[in-house]
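Okay, structure first, notes after.
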Amino acid sequence: MMLGKTAGGLFWMFRYLERAENTARMIDAGLRISLTRSSAADSEWTSILSSTGLASAYEAAHGAPEGSKVIDFLLRDPNNPGSVMAGIEAARMNARVVRTALTREVWEAVNECYMVLKRLLARPIEDRDLPRVLQVIRQRSAFVRGALHGTMVRNDIYNFARIGTFYERADNTARIIDQKYYILLPSVRLVGSPSDNVQWDTILRATSTTRAYQTLHDGDVDPRAIARFLILDGRLPRSLAFCYGKINDNLGYLEKEYGTRHTCQSLADALCSKFRSHDMNAIFDYGLHEFISDFLRDSATLGRQIEIDYRFIE
Amino acid sequence: MASDQKYFDEMFGHGTDARAPYADYCNWFHHEDTARLLAKSEEAEALFRLIGVTFNVYGDPDATERLIPFDLVPRIIAAREWAKVAKGIEQRVRALNAFLHDIYHRQEIVRAGRLPAEMIARNDAFLPEMIGVSPPGDIYTHIVGTDLVRTGDNEFFVLEDNARTPSGVSYMLENRETMLHMFPELFSKIKVQSVSQYPRSLRKSLGACAPDACSGRPTIAVLTPGIHNSAYYEHAFLADQMSAELVEGHDLRVVDGRVAMRTTKGYKPIDVLYRRVDDEYLDPLNFNPDSVLGVPGIMDVYRAGGITIANAPGTGIADDKAIYSYMPDIVEFYTGEKAILKNVPTHRCSEPEALKYVLDNLADLVVKEVHGSGGYGMLVGPAASKKEIEKFRAKLEASPGNYIAQPTLALSTVPILTDAGLAPRHVDLRPFVLVSPDRIDITPGGLTRVALTEGSLVVNSSQGGGTKDTWVLEE
Amino acid sequence: MRLKIHHKTHYTYDAPVPYGLQQIRLRPKSRPGQVVEDWDINVTGGEVEVSFEDEHANAVDLVSFTPGQSEIEITCTGTVDIEDRAGIVGPQGGYVPLWLFRRSTPLTKAGVRVRALIDAAPQDGAAVDRLHALSALVLEAVPYSTDQAASDLSAEDVMEAGHGVCQDHAHVFITAARALGFPARYVSGYLMMNDRVDQDASHAWAEAHIENLGWVGFDISNGISPDARYVRVATALDYRGAAPISGLRYGNAAEDMSVILQVQQQ
């Protein structure tokens with residue numbers, strides 16, 4: 001048992017950390033495309049902005065997407081509450097609120113992550129420094145995760161931290177798919193030259209799954225396989241099925257520890273069952289876009305329900 | 001280092017040889033390389049930053065989290081010196097609690113003619129809502145910080161009694177941790193009395209004051225104004241170390257006649273609330289209605305005996321600077337003994353004769369606002385320019401009742417480490433006292449605050465002061 | 001005189017109230033000249049969290065709203081025996097020092113107008129007579145009228161408005177009495193008006209402390225000292241400390257209040 005506020009703080013701390021890391025991943029994908037296929041870059045930046053939900057904020061401030069401006073906006077623009085830096089700051093602020101629930105190691109990892117990035121992102125990043133900066137972001141958030149795994153007791157505190165992580169991650173994966181669902185439709189295979197589709201590349205890079213996909217699919221790039229991979233493959237830690245499996249597990253631990261089953265457990269169960277069929281054809285038949293839209297709606301409902309059931313706020 | 005003859009230096013006295021308590025330390029120090037020590041200094045700063053031992057500065061958005069500078073030369077006090085100080089503090093704290101009980105009941109001290117009624121009647125720190133309240137064990141101020149200064153070998157003076165919500169104890173504890181981390185070898189050579197038991201004692205002491213409504217192990221929580229408060233780190237630190245919940249006003253409400261916190265499993269009653277929120281903001285139903293930091297109705301539950309608030313509301317009447325000047329009488333009235341620790345002689349500017357004296361001697365006196373704190377709104381005569389003195393004279397003449405004046409004390413110095421080696425700086429001391437129904441616990445030492453600017457007598461962290469680890473040696 | 005009292009206060013809100021508290025000072029206590037035979041407070045739409053005595057020894061009940069309610073009703077029923085003691089209440093009891101009753105509060109702060117009234121009050125003579133004269137001066141300056149829009153007016157505001165109700169009279173009187181050197185306090189309670197059973201509202205008057213006599217009551221609105229028709233319920237430095245019901249609630253629902261009050265002789 002803990003303060004409802006603390007549970008909420010843990011949930012949000014790890015959501016923000018995950019979000020910052022995901023944004024860094026998307027910048028990486030965008031950068032890669034602009035280096036290798038400059039002609040397609042601007043439109044890819046647009047879709048990256050859209051999947052972070054920041055397209056209109058960017059447009060209002062800067063107009064048409066342009067590589068270096070988008071990167072600065074996503075990384076460190078103080079006027080962008082969705083930037084990597086803002087995410088890390090928000091994560092640290094939540095960590096301060098819940099500090100008594102964290103081990104010293106976890107707190108120090110978050111605090112150091114913040115201090116290092118604050119220094120690193122004090123000025124705009126030059127193109128040649130960007131890969132190193134993105135690496136530091138990945139590394140620093142890995143330190144936090146490492147401290148969490150290595151030092152935290154497996155109790156409700158840990159469960160709320162994990163639920164926050166996977167909730168945000170699933171949301172992120174779903175938004176990337178939603179942004180590009182049309183190029184994952186089975187019909188796409190009939191037109192164009194599949195193995196050279198820059199947009200598939202973006203999807204895989206934005207989810208850091210290029211390598212995993214190659215290994216598991218023998219190098220055969222196929223939109224249907226990519227969709228199945230990101231939605232249903234329980235081996236992939238960024239797939240919706242994986243994330244929801246974890247959310248369900250952690251809600252289950254809470255149910256056991258507190259001895260109470262709430263509405264959120266039933267909602268998560270229902271959401272999970274959608275992934276258990278492993279039937280991608282059924283999803284395509286239902287409509288990929290519709291499936292993802294339903295998912296985003298249901299996941300928002302679940303988020304609100306967790307907040308109510310565990311009294312994050314009154 | 002040759003010491004300044006004008007001030008008592010705690011390391012060298014008025015001479016050049018180390019005083020006894022510092023002998024072993026100085027011996028060690030002489031074999032150390034200053035460059036290595038300076039590097040250690042930076043190491044300590046990085047450590048404080050990482051842990052987040054910071055304080056917030058109001059109204060400065062770019063530097064909201066600052067470090068209080070830490071000097072790694074410890075201040076060392078002999079066991080026998082400390083024993084006398086501790087005895088004096090204990091006597092004083094006992095008197096403070098007896099005074100608070102009396103002031104909120106029959107006011108015998110006023111009836112006996114030992115304290116003028118106006119001292120209470122015209123005092124904003126007197127809280128009528130506390131009249132008739134007898135908290136468990138009749139303890140009003142559970143956590144006290146008695147600020148001391150030293151002027152000579154055997155000369156200690158009480159500068160101020162902090163009976164509301166004294167802060168700084170986390171610095172005392174982190175300073176010691178840092179020293180242990182950086183100089184483990186020193187602690188194997190020199191036997192220093194431990195301070196690390198403080199959080200455990202705090203928990204025990206608060207638990208012993210649980211109200212009758214408490215069943216089983218007392219539930220303790222620390223009430224903080226939130227992460228933007230200047231002492232947030234300390235609030236989180238103490239809650240963590242005591243395994244208590246760190247709560248804010250919006251986590252609490254009155255449920256089933258108790259003050260309860262909202263948890264993931266519903267509302268759970270709190271027995272003892274260690275609050276770090278000022279009286280005025282504690283209860284929007286009974287005090288400032290605009291406060292969002294407090295708990296509506298907590299005073300009602302308190303008066304009904306459903307919760308212990310530590311420190312009790314209204315304790316400010318005991319550490320008020322005007323009341324301070326009566327402390328020798330107060331100690332004698334309630335303990336039947338002469339005060340062991342001396343007060344700094346204090347002129348109450350509300351009294352015409354005293355005012356005349358103060359106005360005639362402004363250049364030699366320290367003048368303080370009765371209700372001020374943090375070193376603001378005060379005049380340090382010897383350090384002030386003619387213009388500053390004249391400006392202050394006008395303020396003083398306009399409302400003399402708002403001020404008291406004291407002679408400038410020749411505050412002792414303890415060396416700090418500078419690029420050029422050891423250099424004396426003025427210090428004060430805040431020991432931390434815990435009061436429970438059956439005992440008074442005084443942590444050996446306390447927080448030494450040091451004025452880092454050469455010659456300065458102002459040690460407040462808000463005015464560029466730093467801190468030192470304070471060692472009380474084993475017998 | 002034995003009085004039977006039935007006092008119902010009903011609040012309705014135009015939206016559910018998520019959380020709210022009410023401090024209720026509606027429990028008269030037995031004391032010399034006043035015996036409470038029976039007294040019962042019933043709350044619907046909320047529950048009593050704690051009952052305690054405040055610093056003035058008033059019996060207080062703290063009531064919390066049942067979450068999500070949009071109505072709350074507080075009903076007091078009881079019987080009280082009262083003796084006519086010519087308004088003399090007696091010496092100050094308890095721990096509150098007399099000097100506290102000379103403190104001004106935001107509602108009892110003298111401005112130009114109240115000071116003019118003080119200057120007009122008799123400066124010598126027997127204390128009781130001086131205070132009765134003051135009471136008459138207050139009523140003259142502030143004739144009784146219920147068409148006052150605002151409640152919670154300060155004494156100076158009341159003087160400026162030029163008319164007021166019992167609460168306003170009490171505030172002006174208290175302010176002036178304190179300035180004249182008398183400790184003074186606000187009293188809230190019930191009055192049985194001879195000509196009716198249904199009363200408009202609960203009543204308020206003032207008490208001043210006179211050496212050798214102790215507290216003496218003055219009902220400024222009626223120009224007399226309280227007699228056997230007056231039930232003392234709560235006292236404080238001003239209305240805010242003695243208000244029958246005062247509270248705080250979250251959300252922004254608008255409040256509507258209705259009162260039914262019956263005081264009759266048995």
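A note on names: the letters A, B, ... follow the listed sequences, proteins ahead of strands, and every chain is numbered from 1.
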- Looking only at B:Val301, B:Asp300, B:Ile120, the option with the highest number of non-hydrogen pairs under 4.5 Å against chain C is B:Asp300
- Which answer fits C:Gln23, side chain, backbone, both or neither, if we ask what part of it has an atom under 4.5 Å from a heavy atom of chain B? side chain
- Where does B:Glu129 contact chain C at under 4.5 Å (heavy atoms): side chain, backbone, both or neither? both
- Note on the structure: Tested for side-chain contact (heavy atoms from CB on, under 4.5 Å) against C:Tyr13, the lone hit among C:Glu255, C:Gln69, C:Glu71 is C:Glu255
- Query: Side chain, backbone, both or neither: which part of B:Pro289 has an atom under 4.5 Å from a heavy atom of chain C?
  - Reply: neither
- Query: Looking only at side chains, do B:Asn97 and B:Asp138 share a donor and an acceptor under 3.5 Å apart?
  - Reply: no
- Task: On the 0 to 90° scale, with breaks at 30° and 60°, tag the B:His101-B:Tyr140 ring pair as parallel, tilted or perpendicular.
- Result: perpendicular
- Message: Under 6.0 Å from the ring centre and within 45 degrees of the ring axis: does the NZ or CZ of B:Arg253 meet both conditions for the six-membered ring of C:Tyr19?
- Response: yes
- Heavy-atom proximity to chain B below 4.5 Å, by part of C:Leu100: side chain
- Query: Would B:Arg275 count as a cation-pi partner of B:Tyr281, with NZ or CZ less than 6.0 Å from the six-membered ring centre and within 45° of the ring normal?
  - Reply: no
- Item | Structural part of C:Arg103 lying under 4.5 Å from a heavy atom of chain B | side chain
- Task: Against chain B, work out which of C:Val60, C:Val48, C:Val50 has the most heavy-atom pairs shorter than 4.5 Å and name it.
- Result: C:Val50
- Task: Please work out which of the three classes, parallel, tilted or perpendicular, describes the rings of B:Tyr104 and B:Phe126, given edges at 30° and 60°.
- Result: parallel
- So what's closer than 4.5 Å to chain C heavy atoms on B:Val110: side chain, backbone, both or neither? neither
- Okay, side chain of C:Asp256, backbone of C:Thr12: is any donor-acceptor separation there less than 3.5 Å? no
- Best-contacting candidate, B:Gly132, B:Ala121, B:Gly297, B:Ala304, against chain C by heavy atom pairs under 4.5 angstrom: B:Ala121
